[in-house]
Amino acid sequence: MTRRDLLTTSAIETEGFTLETLTPLFMHGNRKNLEVRVPSIKGLLRYWWRTLQDLPSEKLINLETAKFGGINGDQGRRSPVRLRLEHSRTRLASAPLLPHRSSKKGISRAIDAHQSLRLLMVHLKRDAESAGEGGLTLKEEHSLYVRWMLLLSGFGQRAKRGAGAVQYEGFQWRTSSDIQDTLRDLLTRLKRDAAFQFPPPDTGCLLRRKEKPQSIHPQINAVWVGEPGLSAENVRERISRAGHSANSEGGPLGSSNPRFASPLHCTVRRVGQGYVPIITEITSRDMDKNDYREARDRF
């Protein structure tokens, strides 16, 4: 997408997503400057897109390149979608990376909670109107996957443990059932709902995969919602404490040596007048092992 394309407004289509930070957002750019990095968000979008694709590796790479651009072998392809942030003034703060054991050493600069961000999704008109999957246009498909990311993911460092939680203004939930309805609606519109069951939300489990996927890359296995708290930071502290308690020495819920990412993505969302943890389990190499299940259940 060239600068000339972007300046020719009739040639592009733009959709905006207004977000509010709920917990401190730790994200750094060049020279460790505090900033929200669009390439990092684009990487998250690709990751969460993959969690709903049960395809062998070669087909997955080819399809991802077609949807988001990239280099596959000797062939390069530009991305049909571009993300950018509208300039906004955000308040900075000092916050603990590990709120369950905060200390001066663990304090870092962050974009403060309750700051507004505006994420823009930009397509050339010819790309926006091209055919996506399931009878959707490519723009419609990308828009649904952005919402999927914004439902389950945080941004920046410690995002899997509640930091960088953002609330999309389109998600106005009053109960856990409303969250489940959003999950179901997105999956139905993306033609992915048949792979999942939707238990009664009062059980805490909002979504569960029916059968183990055939492909080995990380995919959605289950989504839970936890007990509400009065503040988002209180919920982040509970998530951080639970992770330390269940996996204090490193293990099936994440390790630095050997390096292994946690299969549990935990973020915070506003529901009614309170805040809840949303925990998403991704398929992993250890998910059928007893020690992983025990650690997950402790968490």
Side-chain angles (χ1 to χ4, degrees), residues 22 44-55 60 133-134 136 141-154 159-162 165-168 170-228 235 238-239 242-243 246 252-253 261-272 274-288 292-293 295-299:
L22 299 183
L44 280 173
L45 177 59
R46 296 175 78 131
Y47 174 85
W48 288 102
W49 174 85
R50 276 183 238 121
T51 64
L52 291 179
Q53 316 304 317
D54 192 6
L55 296 170
L60 181 72
E133 295 183 50
L136 300 168
E141 187 180 342
H142 281 148
S143 179
L144 291 171
Y145 278 108
V146 169
R147 286 169 169 78
W148 180 250
M149 171 186 70
L150 295 176
L151 200 164
L152 301 176
S153 182
K160 286 188 176 184
R161 294 297 178 260
V166 293
Q167 184 90 12
Y168 166 48
F171 295 153
Q172 299 290 329
W173 299 311
R174 298 181 63 185
T175 67
S176 296
S177 294
D178 294 338
I179 303 176
Q180 186 181 64
D181 289 344
T182 301
L183 283 165
R184 191 197 307 266
D185 177 64
L186 290 173
L187 290 169
T188 299
R189 294 169 70 184
L190 288 166
K191 302 295 191 292
R192 297 290 187 271
D193 56 307
F196 301 97
Q197 55 187 353
F198 301 87
D202 57 6
T203 65
C205 185
L206 304 180
L207 173 75
R208 187 180 298 279
R209 182 175 288 275
K210 293 178 181 178
E211 298 179 358
K212 186 175 181 179
Q214 298 298 311
S215 305
I216 61 173
H217 68 276
Q219 296 172 68
I220 295 290
N221 190 58
V223 177
W224 293 275
V225 61
E227 292 295 323
V235 175
R238 283 165 43 200
I239 291 171
L253 298 188
S262 174
L264 298 181
H265 292 256
C266 308
T267 191
V268 184
R269 294 293 181 267
R270 183 188 295 114
V271 177
Y275 299 86
V276 298
I278 294 182
I279 304 99
T280 304
E281 182 182 38
I282 303 299
T283 57
S284 70
R285 66 189 186 192
D286 295 330
M287 64 181 299
D288 293 327
Y292 167 73
R293 290 178 176 174
R296 179 197 64 190
D297 292 346
R298 287 197 304 272
F299 183 92

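Counting begins at 1 with the first residue of the sequence.
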Check: P199 main-chain N/O paired with Q180 side-chain donor or acceptor under 3.5 Å: yes
Heavy-atom pair with the smallest gap, counting every atom of H217 and D54: CE1-CA, 4.5 Å
Minimum heavy-atom distance between Q197 and K210, given as atom pair plus value: N-CG, 4.0 Å
Side chain proximity check, Q53 to Q219, heavy atoms < 4.5 angstrom: no
T283 side chain to N221 side chain, donor-acceptor N/O pair below 3.5 angstrom: no
Pair R269-W173, side-chain contact (heavy atoms from CB on, under 4.5 Å): steps then yes or no: CA-CA 9 Å; R269 294 293 181 267; W173 299 311; 3.7 Å; yes
With sequence neighbours excluded, residues passing salt bridge (Lys or Arg N to Asp or Glu O under 4.0 Å) with D297: none
Close aromatic pair by centroid cut-off 6.0 Å: H265 and Y47: yes
Side chain proximity check, I278 to W224, heavy atoms < 4.5 angstrom: no
Side-chain donor/acceptor of R208 to backbone N/O of A222, under 3.5 Å: no
Closest non-hydrogen atom pair between L186 and L151, with its separation: CD1-CD1, 3.9 Å
Backbone N/O of L136 and side chain of R189: donor-acceptor pair under 3.5 Å: no
Side chains of T267 and L152 in contact at under 4.5 Å (non-hydrogen atoms): no
Close side-chain approach of V276 and V235, heavy atoms under 4.5 Å: no
Sequence-distant partners of F198, ring-ring contact (aromatic ring centres under 6.0 Å, His included), two or more places apart: none
N-O pairing of E133 and R192 below 4.0 Å: yes
Interatomic distance, L144 atom CG to W49 atom CH2 [nearest 0.5 angstrom]: 14.5 Å
R147 versus Y168, side-chain donor and acceptor atoms under 3.5 Å: yes
For W148 against L207, the heavy-atom pair lying closest together: CH2-CD2, 4.4 Å
Taking every non-hydrogen atom, the tightest pair across S284 and P263: OG-CG, 3.7 Å
Where K191 and G134 come nearest, the two heavy atoms and their spacing: NZ-O, 3.4 Å
Greater than 12 external heavy atoms within 6.0 Å of K212's NZ: no
P277 and C266, any side-chain heavy atoms less than 4.5 Å apart: no
Check: S262/R161 side-chain N/O donor and acceptor closer than 3.5 Å: yes
Side-chain donor/acceptor of E141 to backbone N/O of Y145, under 3.5 Å: no
Side-chain heavy atoms of L264 within contact of K160, under 4.5 Å: no
Side chain S215, main chain L55, donor-acceptor under 3.5 Å: yes
Spatial distance of atom CD1 (I220) from atom OG1 (T51) [nearest 0.5 Å]: 4.0 Å
Check: L150 main-chain N/O paired with S153 side-chain donor or acceptor under 3.5 Å: no
Rounded distance (nearest 0.5 Å) linking atom CD1 of I216 with atom CG of L60: 10.5 Å
side-chain contact (heavy atoms from CB on, under 4.5 Å) assessment of R293 paired with M287: CA-CA 7 Å; R293 290 178 176 174; M287 64 181 299; over 6 Å; no
Side-chain touch F196/V223, heavy atoms, less than 4.5 angstrom: no
Distance in Å, T175 OG1 paired with D202 CG, rounded so as to fall on 0.5 Å steps: 11.0 Å
Heavy-atom side-chain contact between V271 and R174 under 4.5 Å: no
